2 protein chains.
Amino acid sequence: MARRGDSDTLSTKVRERLRLDILSGLWHPGEKLQLAALSAHYETSSTVVREALTRLTGARLVELKPNRGFFVPTLSIDELRDFNELRCRAEEFGIQLAIERGSLQWEAEAHAAHHTLERTPRHASDGSGRVTEEWLTAHEAFHAKLLSSCGLPVLIELSATLADGNSMYRRWAVPTKELLGRNIEDEHREILDAATNRDAARAGKLLRQHYSLTMELIMKAGLLPEALGDSAA
Amino acid sequence: MARRGDSDTLSTKVRERLRLDILSGLWHPGEKLQLAALSAHYETSSTVVREALTRLTGARLVELKPNRGFFVPTLSIDELRDFNELRCRAEEFGIQLAIERGSLQWEAEAHAAHHTLERTPRHASDGSGRVTEEWLTAHEAFHAKLLSSCGLPVLIELSATLADGNSMYRRWAVPTKELLGRNIEDEHREILDAATNRDAARAGKLLRQHYSLTMELIMKAGLLPEALGDSAA
DNA sequence: TCCTGACGAGTAATGCATTATTTAATCCCC
DNA sequence: GGGGATTAAATAATGCATTACTCGTCAGGA
């Protein structure tokens with residue numbers, strides 16, 4: 001085997017690595033995720049890769065076709081609007097509960113998460129315009145923290161799943177000036193402000209705008225052909 | 001091995017069996033699901049049991065504690081109200097989309113599913129008052145069919161997950177006359193009627209009432225002690 | 001007596017070997 | 001030469017062996 005004294009399992013770590021690799025586009029939509037290739041890449045046995053993939057299936061980041069293998073799901077721009085609406089509704093409900101129930105510590109942690117997000121560089125320094133993995137993580141952490149005090153694990157998990165799905169659309173959208181250059185910091189600041197001032201209605205509205213604006217930009221930009229499933233592996 | 005010419009995998013079948021066994025209460029909340037015991041019970045290797053359990057983890061029917069094993073999640077009556085609200089919101093949105101987009105065939109299939117449901121006996125003939133597995137399946141199939149034309153796979157899956165969660169609460173509620181004797185058939189008929197007459201607002205309202213009434217009855221009845229996690233295996 | 005830390009049983013996690021299924025390539029037969 | 005069956009290669013699914021973790025138990029020392 002390959003481990004010693006850590007706490008959680010190899011499978012968990014591989015799952016997280018795979019998740020980030022899919023979100024960052026290392027494996028692209030439609031691509032077949034072969035067990036042998038992945039176990040070589042992640043330097044572990046096919047068993048743990050299989051478990052990691054199976055787990056990601058539950059989060060809709062991987063699709064399993066019985067007896068055919070695992071695949072990265074392809075995206076459909078037609079679904080994006082409904083997808084976004086579902087996300088908005090879920091988060092509106094979530095933030096409402098979270099604001100009702102959040103403690104002072106929650107407020108503090110939300111500020112902390114926001115601070116981290118603000119200080120994490122958004123774009124890679126290589127000029128590719130690609131969003132960095134660190135920023136993506138901080139962004140999801142910020143939004144997750146806002147909902148964390150809602151008290152409903154299903155909802156937290158749902159929100160994470162929908163966030164990942166949205167990241168996929170964002171990642172495979174045609175890069176445009178508007179998408180790349182958008183000033184997202186103000187939106188986050190306002191959301192944080194509404195939440196920690198316990199204004200659920202305003203927080204919900206701001207979240208909806210925040211998500212919907214991104215959605216509109218993605219829909220205007222369209223998806224890269226690699227995301228539609230007709231690409232080569 | 002144990003198979004030859006079927007289509008989908010052993011793992012899928014074991015997962016479905018496990019799912020129904022958990023919903024029906026064969027394994028109860030808090031119980032540890034040991035790989036060795038389960039592979040003996042389902043007559044297969046621990047590998048496929050593990051995969052089945054991992055998959056069910058994604059549907060929140062099983063919980064995995066790293067290096068500790070798999071467990072049936074315990075229930076908390078406090079969460080039920082929020083849980084129900086999330087479900088209502090998701091289904092209201094889903095039924096709205098489904099009604100906008102459903103074809104004539106969808107209408108027909110909804111009627112078919114409803115017919116099956118109506119003709120499937122609800123309670124076991126042994127007088128235990130327990131809901132039959134067949135009725136449970138038909139019930140979920142009916143509701144799933146209503147949403148099936150919404151065009152958003154995430155939402156369909158979410159709805160199925162929430163339905164399973166609700167079944168758990170229903171299963172582990174203290175049996176009361178009101179819960180056992182409720183006339184649920186009229187509600188289904190009305191929902192079907194609203195949906196196939198393309199009245200989204202009414203369908204949504206009826207669904208909300210349908211779910212919320214069950215919830216209220218469960219909250220009034222309370223949960224059996226076995227569901228709370230302090231029971232022996 | 002109570003804590004601490006080492007041992008050991010039980011079992012979860014991982015790795016690897018084997019079997020089954022799919023997919024494509026080849027070969028007949030028309 | 002073309003279409004459908006047959007065989008072969010690739011790889012997904014399953015089974016089993018091994019390793020490593022957790023937790024309970026017990027011995028030794030304060």
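Note that the coordinates shown come from a computational prediction; the quantities given were computed from them, not determined experimentally. Each chain gets a letter, A, B and so on, in the order its sequence line appears, and its residues count up from 1.
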Round to the nearest Å and state the distance from [X] atom [atom1] to [N] atom [atom2].
X       : N      : atom1 : atom2 : answer
B/Tyr42 : D/dG15 : OH    : C1'   : 19 Å
A/Leu53 : D/dA12 : CG    : C1'   : 12 Å
B/Arg55 : D/dT14 : CZ    : P     : 12 Å
B/Phe70 : C/dA12 : CZ    : P     : 9 Å
B/Glu51 : D/dG15 : CD    : P     : 11 Å
A/Arg68 : C/dA20 : CZ    : P     : 21 Å
B/Asp8  : C/dT22 : CG    : C1'   : 15 Å
B/Asn67 : C/dA12 : CG    : P     : 10 Å

Taking 4.0 Å as the cut-off, does a side-chain nitrogen or oxygen of [X] come that near to OP1 or OP2 on [N]?
X       : N      : value
A/Thr47 : C/dT14 : no
B/Ser46 : D/dC16 : no
A/Thr9  : D/dC21 : no

Exercise. Quick one: side chain to side chain donor-acceptor pair (under 3.5 Å) partners of B/Tyr42, sequence neighbours excluded?
Worked result: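 Residues passing side chain to side chain donor-acceptor pair (under 3.5 Å) with B/Tyr42: B/Asp21, B/Trp27.
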
Exercise. Below 4.0 angstrom, N of the basic side chain to O of the carboxylate: do B/Arg81 and B/Glu85 qualify?
Worked result: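 No, this pair does not count.
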
For this session: State whether B/Arg101 and A/Asp82 are salt-bridged, where the test is any N-O pair (Lys NZ or Arg NE/NH1/NH2 against Asp/Glu carboxylate O) under 4.0 Å.
Result: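 A/Asp82 and B/Arg101: salt-bridged.
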
Exercise. Out of D/dG15, C/dG15, C/dT23, which has the shortest distance to the side chain of B/Leu10?
Worked result: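 Closest nucleotide to the B/Leu10 side chain: D/dG15.
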
Quick one: which protein N/O atoms are closer than 3.5 Å to N/O atoms of nucleotides 5-11 of chain D? Pair and distance per line, please.
| from | atom 1 | to | atom 2 | distance (Å) |
| --- | --- | --- | --- | --- |
| D/dT11 | OP1 | A/Gln34 | OE1 | 3.2 |
| D/dT11 | OP1 | A/Gln34 | NE2 | 3.4 |

Exercise. Which residue pairs pass the ring pair (Phe, Tyr, Trp, His ring centres under 6.0 Å) test when at least one of the two sits in residues 93-115 of chain B, sequence neighbours left out?
Worked result: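 Qualifying pairs, neighbours excluded: B/His114-B/Phe142.
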
Exercise. Measuring from A/Arg89:CZ to A/Leu86:CG, what's the distance to the nearest 0.5 Å?
Worked result: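 Between A/Arg89 CZ and A/Leu86 CG, I get 8.5 Å after rounding to 0.5 Å.
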
For this session: Would you please classify the geometry between the A/His143 ring and the A/Tyr211 ring as parallel, tilted or perpendicular, with 30° and 60° separating the classes?
Result: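 Because their plane-to-plane angle lies in the 30° to 60° range, the rings of A/Tyr211 and A/His143 count as tilted.
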
Exercise. Run the salt bridge (charged side-chain N to carboxylate O under 4.0 Å, His left out) check on A/Arg19 and A/Glu140 step by step: do they pass?
Worked result: CA-CA 13 Å; A/Arg19 172 177 165 270; A/Glu140 297 203 345; 2.7 Å; yes

